[in-house]
Amino acid sequence: MPEIAHTMPVLIRNDEDMAMLRECLDSLKGSMDHFVFYNQGGLSNYDLSSLIDAYLKDFTVLGKGTNDGIPFARQSCFQYIWVNLPAMQYITEIHPDMLFPKDWPQKLVEFLEDNKEEPCISPGILTKEGQWHPHGKGIFGAQIPSRTDELVDLLVEKQEEKVVEGFVHPVMHRASCLKKAGGYIVEDLPGMQGYEDDYLLLSYYHRLRLPENWKPKALLSIYVFHRTMAQRADFSNMEEESNKNLQGLLKRFGTQGIMDLQHIHSVKKKENIRGSIYFFGTSSDKDVPFIRGVNPYIIHSQISKERSLDQFEQEKASDGNVKNIAVVDHPYWLNSVSKICPQLTIARITEHVWNPTSALYRKGICAVADIILTDSEEIHWQLALSHPFILLCPSLNKKSHLLNEDEWGIYSDSDYYLKEIIESSFEDGDRTETWQGMINKQRQERIRGLQDILEWEPHNEVNLSLLAKYYYITQQYEEAENYFFQAFLRNVLVHKMDGLNRYYPGICLAQLRQGKTKEALNSYGILAQTDDMKQHYHQLLPLYNKEEYEWLQAEISRLLGDIRYARDLIDQTASPEADGSRYLFYRDMLDYKGCEEILRKRGDGVASAKEHWLLQGEKEELFGEPQRALHHYLQASIYEEKAIENILRLEAVDRFMDGGE
Amino acid sequence: MHPVRKKEGNRLTAIMQVRNEENRYLEEVLGDISVYVDDIVIIDDASTDRTVEICRSFPKVKEVIELENSHFSKEWELRSRLWQEACKYEPDWLLSIDADEVFEHSFKEKARTLINQDSYDWVSFRIYDLWGGRTHYREDEHWNLHKRHTMMLVRYLPGFPYYYLKMNHHAHRLSLSYQALRGCLTDIRVKHYGWSGDEAERLEKYERYRKMDPDGQWGHQDQYTSILDPSPNLIEWKEERE
Amino acid sequence: MKKVSILTHSFLDAYNNQIHRIYGGGLERYLFELIKILHRLEVDVDVHQLSYHKPFHTQLEKTEIAGTAVFGYYCHDLDSIGELFQEMEQKAEGSIIYASCIWHPIPYREGSLGICHGINWDRIDLTEEAKNEVKKNVQHAVNALSKIVSVDSHFLTYCRSTCRYSDPEKIELIPNFVDTARFTPSAIKKNKSMSRVLYPRRISHERGILLMMAATDIWLKEYEDIEVYFTGEVIHGTEIARVFEYWLEKHPQKERICHQIHRFEEMPEVYQGADIAVIPTIFSEGTSLSCLEAMSSGLPVIATTVGGLNDLLIDKYNGRLIMPAVDQLVEAVGNFIIDQRKCEEMGERARDTAKAFDLGIWQQKWERVLCAYLD
């Protein structure tokens, strides 16, 4: 084995740093290489030496326990090696927040032996965020095991015989090249940290006259775990420090240096961060898919919310082009979603969040979602009547496993859809066209499938009704009516008692859509068995007699759930008498502006005042400041005690967000 | 446009299927229902006697549909046809009654209350098989229709689907789809005179059933056999107190 | 020795299953004072009450009425109060005092004594049927009982206007009391930077807690020098309690809101520490003990025009009488803050008014009633 020297600046700020260092040394235990440490502070040289002594045989400790900055510390190590250990053929830069698999330098040495033109080589790394760098930057790729041995196993398991372009630490330098390039010339790099990597790469590029298209490389047949950035957080004036180094870099290499850097890092550039994807309410242990160039954040508690929203603020500041994507797995996260102003909101509504308490939030999330995924055909049907874009993904709520590892981290059909939706929104064209295509395809396939099944089993009530629903949402209303009737009759024949409520709404809507207003109204009348519905029906009859057909149809559509159609119809209704209906629509659609307008027309009065407060409350609860919502609801509760139900809901949602539910 | 369910002003239409009823109970039954229904629609299954003539002699009979060929062996078709014919008049309520059935007296008063409401769409009754005369009804393992409810009175609901199982004999008298709606179970009694004749008549009926349903496909063999039971369990019929 | 059984829906804290203590409401304090009079008259007293967890039988310890036996009857359904009172009546020894629930259908023991603590069916949203039902029940009570003591003039008027009876003195007015020697104005002149608004009521809907919370939101926002002090029992687990606790926890100015439950002995000091008292009742109010105590403590009181509060206050003379609406409540406190002089003047008159409701007067009136009843 050729002679290798490893360099490591050590700064111990707290117990955590200490533990990391111990773990790091433990992973290096037994190494026959030489190690040069630079004591940046936290321990005396004596204590540091005693500590290291337990793990390593051949080492030196430099420095006096003061934080002299990264470039200075590294350069001191290099110089020590050049002077005292001139036989060293390879010099590495390693960090105390790393974990190494056994014999990790060997493959790097082999690579440098085989590729004499390369001045340095990095292994691949796994970061604490579960990303594989440099190739998988910004992509969530693995859960980090909590046990060290399992972590090391993971590093070994993922090894592949592959070289990619990119630069990360640790890095192994060819000692002769490093010396020729000069290392970190401290006069140029007076700052504590920042740009030293770029400086060194530029030095290689220029001083060694490397080929024009040269790029640093990483060998993926070896992986190291790097928690990364652990030390950076400590510099309060990091920007200032790194700015000093940038000035030095510019002084040395000029603006051409920046152009060259762009080239050197062009691998990175290709993998530019295109967006951030925020998973709201996704449980942390569930794998989320990785989509190239999109940073995932998982928000499942108040704490992760705060952290990710901070992240959002930072990203917003640094890059205006980054797209924010929200994937919402529980409607209670609605309020947080609005805080990141997503350019794309995808709601995933599964059966287990479909309960009466979440109804308002569900409405809210459907109102803001650009597209909805659901695992239930029943939800799919209901939401298809109120939302233009909804896809059915039966596997949404199932524990997933990786389907396709090479390209995308796709775990299931729902991830596939997710990827397609996200990709389409990065493209220039009209994303909704892509979505509509996917939706149409899915629905046509389902219709064909159901037709096939029904050929073999023509009396299956469930399938008859499903087919009716798919016909309905694909605008084939005559067929829909026919199949709803068939499902109804099958229900009757097996002596079930729920046929009327199950299928008559569909029958009635399908008749309405065919323009058979009279039939639809009769069907509605037949369906109206409860007092509320009866009363409503008797309000509708005079509308028919006054030929207020749009209004009448709008009311029936709203009551039976075809909200999209209802909205179109009510907008066509000119009659000012329809304001009462219109208000209920707007309320149902969370169109607060529309509601306020009608309330204003109505003028003062107890009922208006109460409604006003309730509206304000709801608006704040769903999209603004819940604290203010509480105040508005309180005001409403003065007019009607029942309004405290809203406050109780606020409390319940809060408890849920704190993980109490 | 009227509401599908009216709380008042409902018309009551009786519907009846008949076949060779001349010397049986037809006149009595028509006379009885003429008192409390508004009109009557009848389908005649190719009678060869004066049945149609008798029917037409009652002023409340709105229409008699005469079939040239008997549907006796396809009862569901007959029921279904009668339903369609009656519905073309857009009736309010339909009372399905056979030519040998008579309601007990109290129904005549209650009928209007039962139909002038908007909370249920069908009404059921208890049918008693009067046996060997009009003083007793039969009750045993095979003869206990009165222990169940039989839907005989339904509200016509425009557009509501009607559906009969394809049964050749003993078909449901009204559409099964009404089961999906709310109904009212009453204990009002209906006297069925079909078995109130003498032994010879019963024997004749027995033989007719045997012929049309030799395998017991549409009814129970045991029940057919029990028609001839020499000492069936008979219970005295008591008219309700006025 | 004579014996009296008091039948009531509440005395010991059976709401929270803490039957070792008397619940901190007005009714319970009233009964406490009543028992003291009975003891003075050498009458032995049992109390029969409802219990919401399980039936119980206990004897009061400590306090001035130690030794009083209390029986709890399990109540799972408020519609069964009539039957439960009948059960109490069957178990009760001696003469009976029906001390609450006059609006319920109770099968009274003929000739007994009843107490009405105020009208509790004065909610504008209560249905006509329910109000007719009450009318029937009150007429029944008037027929069956030999006398009904009313704490305010409103029940008197209610009976005169809706019931038929012959004895003009059948309903006797004995307004509630306050121990004016105990509840006295603060001796020290206050010179604090903060004005304290006190809500000395239970945390319940009829007592106007929502109105108070809604107004508090606005006061705290508009005035930097106001703090709001809630002292009153909470029935844990009720919706209104959850709303109140959540509101407290989340309030952006929560450092200026306090909720503290005090023992009765501590209350004089609580009143002395306050600058304004608010009694924002929505419905169901007699001559409120808290209102009288606040008045006796020389506090300017803002109360609503509900029930017996109208018997205690004359608007802008010895306090404020307002409609139960947020804007009126907010404004009334605002006016007090602006016009300190007026504020003090009303406080002084309130103290004077309270003296007419002194405990001694009340005791005398009750003694007369009891003696007549028990003889």
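In the text below, chain A, chain B and the rest are named by the order of the sequence lines, each starting its count at 1.
With hydrogens and angles disregarded, no donor-acceptor distance shorter than 3.5 Å links the side chain of A:Asp591 to the backbone of A:Tyr586. A donor-acceptor pair is defined here as one N or O able to donate and one able to accept, closer than 3.5 Å; such a pair exists between the side chain of C:Tyr199 and the backbone of C:Arg202. Here the side chain of C:Ser100 pairs a donor or acceptor atom with the backbone of C:His9 at under 3.5 angstrom. Of the possible polar contacts, none joining the C:Asn318 side chain to the C:Val301 backbone as a donor-acceptor pair under 3.5 Å is found. For C:Ser290 (side chain) and C:Pro200 (main-chain N/O), a donor-acceptor pair under 3.5 Å exists by modelled atom type. Between the side chain of A:Ser358 and the backbone N or O of A:Tyr361, no donor-acceptor pair lies under 3.5 Å.
The stretch residues 230-245 of chain C participates, sequence neighbours left out, in these side chain to side chain donor-acceptor pair (under 3.5 Å) pairs: A:Glu651-C:Arg242, C:Arg21-C:Glu233, C:His236-C:Glu245.
For residues 633-644 of chain A, heavy-atom neighbours of chain C at less than 4.5 Å comprise A:Leu634, A:Gln635, A:Ser637, A:Ile638, A:Glu641, A:Ile644, sorted by residue number. Taking non-hydrogen atoms and a 4.5 Å limit, the residue list of residues 606-632 of chain A in contact with chain C, ordered by number, reads A:Gln627, A:Leu630, A:His631. Scanning residues 207-228 of chain C against chain A with a 4.5 Å heavy-atom cutoff picks out C:Leu210, C:Leu211, C:Met213, C:Ala214, C:Asp217, C:Ile218, ordered by number.
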Go through the steps to decide whether A:Lys601 and A:Asp579 satisfy the test salt bridge (Lys or Arg N to Asp or Glu O under 4.0 Å), and finish with yes or no. CA-CA 9 Å; A:Lys601 272 195 264 174; A:Asp579 267 359; 3.2 Å; yes
Go through the steps to decide whether C:Leu309 and C:Ser288 satisfy the test side-chain contact (heavy atoms from CB on, under 4.5 Å), and finish with yes or no. CA-CA 7 Å; C:Leu309 295 171; C:Ser288 155; 3.9 Å; yes
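Between the side chains of C:Lys136 and C:Asn132, no donor N or O sits under 3.5 Å from an acceptor N or O. A donor-acceptor contact closer than 3.5 angstrom is absent between the side chains of C:Asp122 and C:Tyr158.
Relative orientation of the A:Tyr524 and A:Tyr537 rings is tilted, given thresholds of 30° and 60° on the angle between their planes. In this structure, A:His330 and A:Tyr332 have tilted ring planes: the angle between them lies in the 30° to 60° band.
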